[in-house]
> 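Next up is a structure, given as structure tokens.
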Amino acid sequence: MASYQSIVPTILSLLCLVSTAFSHSLIQLVSSNRKIRVDDDLYCDSWRLSVETNNAGYWSTVPSRCESFVKDYLTGERYLSDSEVVAEDTLAFAKTVIIAKDGRDGWVFDIDETLLSNLPFYKLQSFGTKTYNETSWDDWVKLGEAPALPASLKLYKEIVQLGFKTFLITGRDEHQRNVTEKNLLSAGYTNWERLILRGPSDQGTTAVAYKSVKRAELEYQGYRIQGSSGDQWSDLLGFAVAKRSFKLPNPMYYIA
Ligand SMILES: *[C@@H]1O[C@H](CO)[C@@H](O)[C@H](O)[C@H]1NC(C)=O
Ligand SMILES: *[C@@H]1O[C@H](CO)[C@@H](O)[C@H](O)[C@H]1NC(C)=O
Ligand SMILES: [Mg+2]
């Protein structure tokens, strides 16, 4: 018969073994999760550089492994800071332009993710990891509640103050004109020279073609497009391009 004295140490050492194994596996689990997260952050930072520089070209959705990275980027300080630096670079150039007295020096702004932020909407769309849903997007636009991107609002006012005529060229549809005007005003934007939306004759073209045609029309009317600000390469490339173009960050979606 096993003595009481010999069973107790056996039980104790068994317990000890079990708990050691458990805590080891716990540590392994935590460290492997941490490693995955670190690897994802590293990869997603490189992915972000690739999409911002347009090296990636067309991409449809944010890779699912980058959802938390994109979320942290947009909801943390980094997005605001990046936008501020873009605005500073933009203003530095704008100040070098000699504004003529003819009122023909123009600046083109895109609207979504340039003047207005749709972050409240994209929070509900998993920060761009879900496919674009036009119905939900239209519902969101109808609310007219997109806030201003703070750095852009400040920049916009400075551009107007310098004497540029501002042209807002957006991929939004002509039928969204009233709500877009209302939203811009409530976000603090005023004094634009013209708000240009996609009309019936602009359907079925890419954003880059549509926006180029609108800039070419402005040039034809005698405007000198000194600068252009947009979050998409399609806001800035094509023809009748501005003297200088400024790309705002947008790791949520790509419009060709
Ligand atoms: C798009 O969103 C609407 C609601 O806004 C929903 O009814 C519809 O099922 C969604 N479509 C897809 C393809 O997810
Ligand atoms: C937009 O507003 C104007 C007046 O501000 C009005 O005449 C027009 O009917 C409105 N359009 C739509 C589509 O609501
Ligand atoms: Mg945009």
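Numbering of residues begins at 1 and proceeds along the displayed sequence. Both counts, for ligands and for their atoms, begin at 1 and track the order of listing.
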> Assess whether salt bridge (Lys or Arg N to Asp or Glu O under 4.0 Å) is satisfied between R224 and D102, documenting all intermediate values.
CA-CA 11 Å; R224 294 175 295 275; D102 63 1; 2.8 Å; yes
> Quick check for you: to the nearest 0.5 Å, what is the distance between Y156 atom OH and S229 atom OG?
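It comes to 11.5 Å.
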> Taking the six-membered ring for Trp, are the ring centroids of Y189 and F109 within less than 6.0 Å of each other?
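Centroid separation for Y189 and F109: 6.0 Å or greater.
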> What pair of heavy atoms forms the shortest contact from V86 to F246, and how long is it?
CG1-CB, 4.4 Å
> Can a donor-acceptor pair be found between the side chains of Y73 and R48 at a distance below 3.5 Å?
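Yes, side-chain donor-acceptor contact under 3.5 Å.
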> Determine whether the aromatic ring centres of Y43 and F69 lie less than 6.0 Å apart.
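When the ring centroids of Y43 and F69 are compared, they turn out to be at least 6.0 Å apart.
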> Using a strict cut-off of 4.0 Å, indicate which atoms of ligand 1 neighbour a heavy atom of S136.
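Those qualifying, in numeric order: 1 (C), 2 (O), 5 (O).
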> Any idea how many protein N, O or S atoms are nearer than 2.8 Å to the Mg ion (ligand 3)?
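Excluding waters, the total comes to 3.
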> Applying the side chain to side chain contact (heavy atoms under 4.5 Å, CB included) criterion to M252, which one of L119, T129, N118 satisfies it?
L119
> Short N/O distance, under 3.5 Å, between T135 and ligand 1?
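N/O-N/O distance below 3.5 Å does not exist for this pair.
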> Do the side-chain N and O atoms of R215 and S212 include a donor-acceptor pair separated by under 3.5 angstrom?
yes
> State, to 0.1 Å, how close A187 and A148 come at their nearest heavy-atom pair, and which atoms those are.
O-CB, 3.7 Å
> Is there a path from I99 to W192 through hydrophobic residues (I, L, V, M, F, W, Y) whose side chains come within less than 4.5 Å of each other?
yes
> Output, or 'none' if empty, a list of ligand 2-protein atom pairs in which both atoms are N or O and the distance is under 3.5 Å, rounded to 0.1 Å.
{"from": "ligand 2", "atom 1": "2 (O)", "to": "N178", "atom 2": "OD1", "distance (Å)": "3.3"}
{"from": "ligand 2", "atom 1": "2 (O)", "to": "N178", "atom 2": "ND2", "distance (Å)": "2.3"}
{"from": "ligand 2", "atom 1": "11 (N)", "to": "N178", "atom 2": "ND2", "distance (Å)": "2.9"}
{"from": "ligand 2", "atom 1": "14 (O)", "to": "N178", "atom 2": "ND2", "distance (Å)": "3.3"}

